[in-house]
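Structure first, commentary second.
Quantities reported herein were computed from a predicted structural model and do not represent experimental measurements.
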Amino acid sequence: MVYKLTFMNEEVDAFKRVFEANPDATFLDLHKALLASVGYSDDQMTSFFICNADWEREQEITLVPMPDTDAYDNMTMEETRLSDLLREPKQRLIYVFDPMMDRFFFGSLNSIKEGHVDGVKLTDSKGKAPKQLKEDDLTNLNAGGDDMDLDSDFYGGDLYDEGDIDMEGFQDLSFDDGTMF
C-alpha cells in the first residue's frame, strides 16, 4: 500500500508538498521528509496532531516523549507508524513547525493505493515555504547577547520606575530566617 499525503499552509500562496509514504513508515520519517522539503532546521519541538473534520486537534504525536495525560496517551514520532493513526482517505492532520507561535501545515491523507514505496518520498513541491520562525518569536528575546540591560530592554527603559512598586506586605519577608519555605 502507498499513502499519498498533501501539506499546505495558509500563510503562503500556492505552497504545497505532496508525499508518498509506506504505511509502515513512522511519523519521524514524515517529519524528516517535511523538514527536508522546506529547508527547516531540526531544532524545534515539533508535533503532529490527528484532527477531526473541523480541524480540531485530537491525538498529538510528539518529537520527544512527554508525560501522559488523561486526555490522550503520549505517542512519539519515532515509535508511531503512519498506519497506527492514518487509516482512511481524507483524514486530516496538522504538523506544528513553530510551536512558540503555533504555526503549522495542514495535512491530508489524500489516498491509499496499491503499490510500494520505501519510507517517505517527496513527489510534488510547489511554492516557497514560510519562514520557520517568525521575527517576533519569543526565542529571539535575547538576540543581542548576554549583556542585555533588563531595566531598559525588558521594563521599557525610562517608563520603568522602582518607586511605582508598592512595597507594602513585602517588608516582613526574609530569605535568611527560613520563613519563606
Side-chain angles (χ1 to χ4, degrees), residues 1-69 71-113 115-141 143:
M1 302 304 283
V2 176
Y3 282 4
K4 184 175 181 181
L5 298 138
T6 300
F7 289 88
M8 298 163 70
N9 181 272
E10 62 185 15
E11 294 177 38
V12 180
D13 291 333
F15 171 83
K16 180 169 82 169
R17 297 295 185 270
V18 180
F19 299 90
E20 286 190 349
N22 185 315
D24 289 332
T26 64
F27 278 88
L28 183 62
D29 297 327
L30 182 57
H31 158 78
K32 289 179 179 180
L34 267 166
L35 290 181
S37 77
V38 294
Y40 291 169
S41 64
D42 193 8
D43 62 354
Q44 297 299 308
M45 293 296 295
T46 59
S47 291
F48 285 96
F49 286 90
I50 302 301
C51 299
N52 64 22
D54 296 322
W55 293 103
E56 294 170 341
R57 297 174 188 192
E58 294 179 340
Q59 177 64 54
E60 181 177 17
I61 306 98
T62 59
L63 185 57
V64 296
M66 304 295 244
D68 290 347
T69 68
Y72 54 84
D73 294 331
N74 180 23
M75 300 182 91
T76 61
M77 291 182 198
E78 184 174 19
E79 296 174 353
T80 308
R81 297 188 185 288
L82 298 177
S83 61
D84 292 343
L85 298 172
L86 299 175
R87 297 189 181 104
E88 55 192 61
K90 305 303 176 201
Q91 197 167 353
R92 295 178 173 186
L93 66 156
I94 285 175
Y95 176 72
V96 178
F97 61 88
D98 181 357
M100 294 296 289
M101 301 300 276
D102 195 31
R103 295 170 57 233
F104 51 87
F105 297 129
F106 291 99
S108 175
L109 174 58
N110 291 348
S111 65
I112 302 172
K113 62 183 183 179
H116 177 77
V117 64
D118 291 327
V120 179
K121 306 290 184 210
L122 178 68
T123 60
D124 191 14
S125 177
K126 292 185 177 146
K128 186 176 176 183
K131 288 185 178 183
Q132 185 173 11
L133 300 175
K134 284 203 168 200
E135 297 297 322
D136 56 344
D137 195 333
L138 296 177
T139 58
N140 293 328
L141 181 63

Minimum heavy-atom distance between [X] and [Y], given as atom pair plus value:
X	Y	value
Phe106	Glu10	CE1-OE1, 3.7 Å
Val18	Lys4	CG1-CE, 3.6 Å
Gly115	Val2	C-CG2, 3.5 Å

Under 3.5 Å donor-acceptor, [X] side chain and [Y] backbone:
X	Y	result
Glu60	Ser47	no
Arg17	Ala33	no
Gln91	Glu88	yes
Asn22	Asp118	no
Thr6	Ser108	no

To the nearest 0.5 Å, what is the distance between CG (Asp98) and CD (Gln44)?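 It is 6.5 Å, given to the nearest 0.5 Å.
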Pairwise distance CZ(Phe27) to OG1(Thr62) - rounded to 0.5 angstrom: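 Answer for the CZ-OG1 pair, Phe27 versus Thr62, is 11.5 Å.
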Decide yes or no for Val96 and Arg57: does some side-chain heavy atom of the first lie under 4.5 Å from some side-chain heavy atom of the second?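 Yes, their side chains come closer than 4.5 Å.
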Looking at side-chain heavy atoms only, is the closest gap between Phe19 and Ser37 below 4.5 Å?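 Phe19 reaches Ser37 side chain to side chain.
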Among Lys113, Lys121, His116, exactly one meets side-chain hydrogen bond (donor to acceptor under 3.5 Å, both in side chains) together with Glu20. Which residue is that?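 With Glu20 as partner, side-chain hydrogen bond (donor to acceptor under 3.5 Å, both in side chains) holds for just one option, Lys113.
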Steps toward side chain to side chain contact (heavy atoms under 4.5 Å, CB included) verdict (Val64, Met45): CA-CA 8 Å; Val64 296; Met45 293 296 295; 3.0 Å; yes
Atom CZ of Arg103 with >12 non-hydrogen neighbours under 6.0 angstrom: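 Atom CZ in Arg103 is crowded, with more than 12 foreign heavy atoms closer than 6.0 Å.
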Taking atom CG of Asn52 as the centre, report whether more than 12 heavy atoms of other residues, nucleotides or ligands fall under 6.0 Å from it.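 Atom CG in Asn52 is crowded, with more than 12 foreign heavy atoms closer than 6.0 Å.
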Chi angles and distances behind the side chain to side chain contact (heavy atoms under 4.5 Å, CB included) call for Phe48, Leu85: CA-CA 11 Å; Phe48 285 96; Leu85 298 172; over 6 Å; no
Using 30° and 60° as the class limits, which term best fits the ring planes of Phe105 and Tyr95: parallel, tilted or perpendicular?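 Ring orientation, 0 to 90° scale: parallel.
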Please walk me through it: do Leu28 and Leu63 pass side chain to side chain contact (heavy atoms under 4.5 Å, CB included)? CA-CA 7 Å; Leu28 183 62; Leu63 185 57; 3.8 Å; yes
Can you list the steps and then say if Met75 with Ile50 is a side chain to side chain contact (heavy atoms under 4.5 Å, CB included)? CA-CA 11 Å; Met75 300 182 91; Ile50 302 301; over 6 Å; no
From the options Val120, Leu86, Thr123, Leu34, select the one residue that forms a side-chain contact (heavy atoms from CB on, under 4.5 Å) with Leu5.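 The passing option is Leu86.
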Residues two or more places apart in sequence or in another chain: which of them pass side-chain hydrogen bond (donor to acceptor under 3.5 Å, both in side chains) with Arg92?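 None.
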Any salt bridge between Glu11 and Lys131, counting N to O under 4.0 Å?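 Judged by the 4.0 Å cut-off on N to carboxylate O distance, Glu11 and Lys131 do not form a salt bridge.
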